[in-house]
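For reference, the structure is listed below as structure tokens.
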Amino acid sequence: MNKKKRIMHVDMDAFFASIEQRDQPLLKGKPVIVGGEPGGRGVAATCSYEARKFGVKSGMPIALAVKKCPDGTFIRTNGKKYMYASMRVIEILNRYSPKVEPTSIDEAYLDVTGSVKDREDERKIGESLKREIRRELELTCSVGIASNRIFAKIATNMKKPDGLTIIADEELEKKIYPLPISELIGIGKKSEGILKNLGIKTIGDIAVYPENELERVLGVNGPLLSKLARGEGSDRVLAFDEEEEVKSIGSEHTLERDTCDENIINMILLKLSEKVGRRLRESRFAGRTVAVKFRYSDFSSFSKRCTYPFFVWEDNKIYSISKKLFYSVYKRTKKIRLLGITVSGVVKSYLNTNNNKIQTELFTNCNKSGKLLKTIDLLKDIHGEMAIARAAYLKIL
Ligand code: DCP
Ligand code: CA
């Protein structure tokens, strides 16, 4: 049988705000809100724990944050600085395991199975890592250790800021089972309602509920949740060179009516580019190879691909490349029935440690088009894919 793994989750405390407090020591111990200036119309990216006491939260409009915390210090985001700190954190984490998988700018999972024999070792490794981050970066983090990713993350959240929480498998019943089901990843509001009607309130309730009954009410998600609750969540941590497992992200569209109208073709290419761009950004990927495929009315299919020295993740870039590729092969006046775009050779975007493949400003608020994309993605997250669309689509939708 495979040895049970030990997974460590690391999450930096009030990340952007702590960096600002470190760089302006007068702000230490004070409410600090990062993400916009008073009077501006932005939202708070995050805030220091001192500001949280006043009810300020990340994502809150700045105007409201000012109302809740008028004496707070408001600081604009400085994406490059935070990205740099993030890279330094990853460098430190790399000392503790060959398998370190960052999942956001300030969070990562480490497979520490090979470095720990018992709880004592786990405490030591957690404390040592926290000490090095504090000494070298003057920042604090919270750490959770458990036998899979979900429980490790739950452990991290049990004590924040500056916490270290270890959960042995023997303690699951005591420490994890009493928690509300909302702590389990993958439970949406709808499923939560269905489960509550069955009297299921805690992770423990799910763990002991018959799996086939859960399948009946929740479909395929039922058994999945049941497994997660019993601790059979993912314990795989991907090292950087394993990242390319997701090799490509693509999308295709079959036209309702075959066409050779280039306006319509361009519009579909643009829409596909937006879809692929959005999916890349959602999973924080960027890729170097763009491929366009298409099928004529007579079902003959063609494709054209090109690998570039730079990474793409922006809709407009994917669109301009796809158009170029498409028209280099397309025989004008022939009718098209299907179009598709794929970006491959993808890597995680925030890993810029020892290769110069990806620009550091990727996905941060540094330039206008980045900001616009972030806003559009957010609007679509909240209101659905059609929340915002180019006026030109109206002609073809
Ligand atoms: N962030 C952002 N917009 C959001 C949420 C977060 O720009 N809606 C940024 C700012 C955070 C960083 O990402 O500092 C990490 O997000 P976390 O959710 O981990 O929040 P913090 O690290 O700030 O606080 P915590 O101590 O709760 O982890
Ligand atoms: Ca954090």
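Atoms within a ligand are numbered from 1 in the order they appear, just like the ligands themselves. Source: prediction; values computed, not measured.
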Is the shortest heavy-atom distance from the side chain of I133 to the side chain of L93 under 4.5 Å? yes

Under 3.5 Å between any N/O of A17 and any N/O of ligand 1: does that happen in this structure? no

Ligand 1 contact by A14, heavy-atom criterion under 4.0 angstrom: yes

Between ligand 1 and R52, can you find any atom pair, the residue atom being a heavy atom, that is separated by under 4.0 Å? yes

Electrostatic pair E282:R278 at N-O distance under 4.0 angstrom: yes

Looking only at N/O atoms, are G59 and ligand 1 under 3.5 Å apart anywhere? no

Interfacing atoms of ligand 1 (cut-off 4.0 Å, heavy-atom, D13): 26 (O)

Taking atom NZ of K304 as the centre, report whether more than 12 heavy atoms of other residues, nucleotides or ligands fall under 6.0 Å from it. no

Which donor-acceptor pairs under 3.5 Å do side chains of residues 136-147 form with protein atoms, sequence neighbours excluded?
from: E136; atom 1: OE1; to: R95; atom 2: NH2; distance (Å): 3.0
from: E136; atom 1: OE2; to: R95; atom 2: NH1; distance (Å): 2.8
from: T140; atom 1: OG1; to: D13; atom 2: OD2; distance (Å): 2.8
from: S142; atom 1: OG; to: D13; atom 2: OD1; distance (Å): 2.8
from: S142; atom 1: OG; to: D162; atom 2: N; distance (Å): 3.1
from: S142; atom 1: OG; to: G163; atom 2: N; distance (Å): 3.4
from: S147; atom 1: OG; to: D169; atom 2: OD1; distance (Å): 2.8

Note: R281-D315 ion pair, threshold 4.0 Å (strictly below): yes

Sub-4.0 Å atoms of ligand 1 with respect to non-hydrogen atoms of F15: 14 (O), 21 (P), 22 (O), 23 (O)

Near the Ca ion (ligand 2), is there an N/O/S atom from E107 that is less than 3.0 Å away? no

Identity of the N, O or S atom of D11 lying closest to the Ca ion (ligand 2): OD1

Nearest to atom 17 (P) of ligand 1 by heavy atom, D106, V43, I19, T46: which? D106

Can D111 and R6 be counted as an ion pair, charged N to O under 4.0 angstrom? no

Determine whether the aromatic ring centres of Y296 and F302 lie less than 6.0 Å apart. yes

Quick check: does M12 put an N/O/S atom under 3.0 Å from the Ca ion (ligand 2)? yes

Residues pairing under salt bridge (charged side-chain N to carboxylate O under 4.0 Å, His left out) where one sits in residues 329-345, two or more places apart or in two chains, turn out to be E262-R332, D298-K334

Does any N or O atom in M12 lie less than 3.5 angstrom from one in ligand 1, N or O only? yes

Basic-acidic side-chain contact under 4.0 Å: R119, E122: no

Identity of the N, O or S atom of D106 lying closest to the Ca ion (ligand 2): OD2

Tell me whether Y49 reaches ligand 1 (any heavy atom closer than 4.0 angstrom to a ligand atom). yes

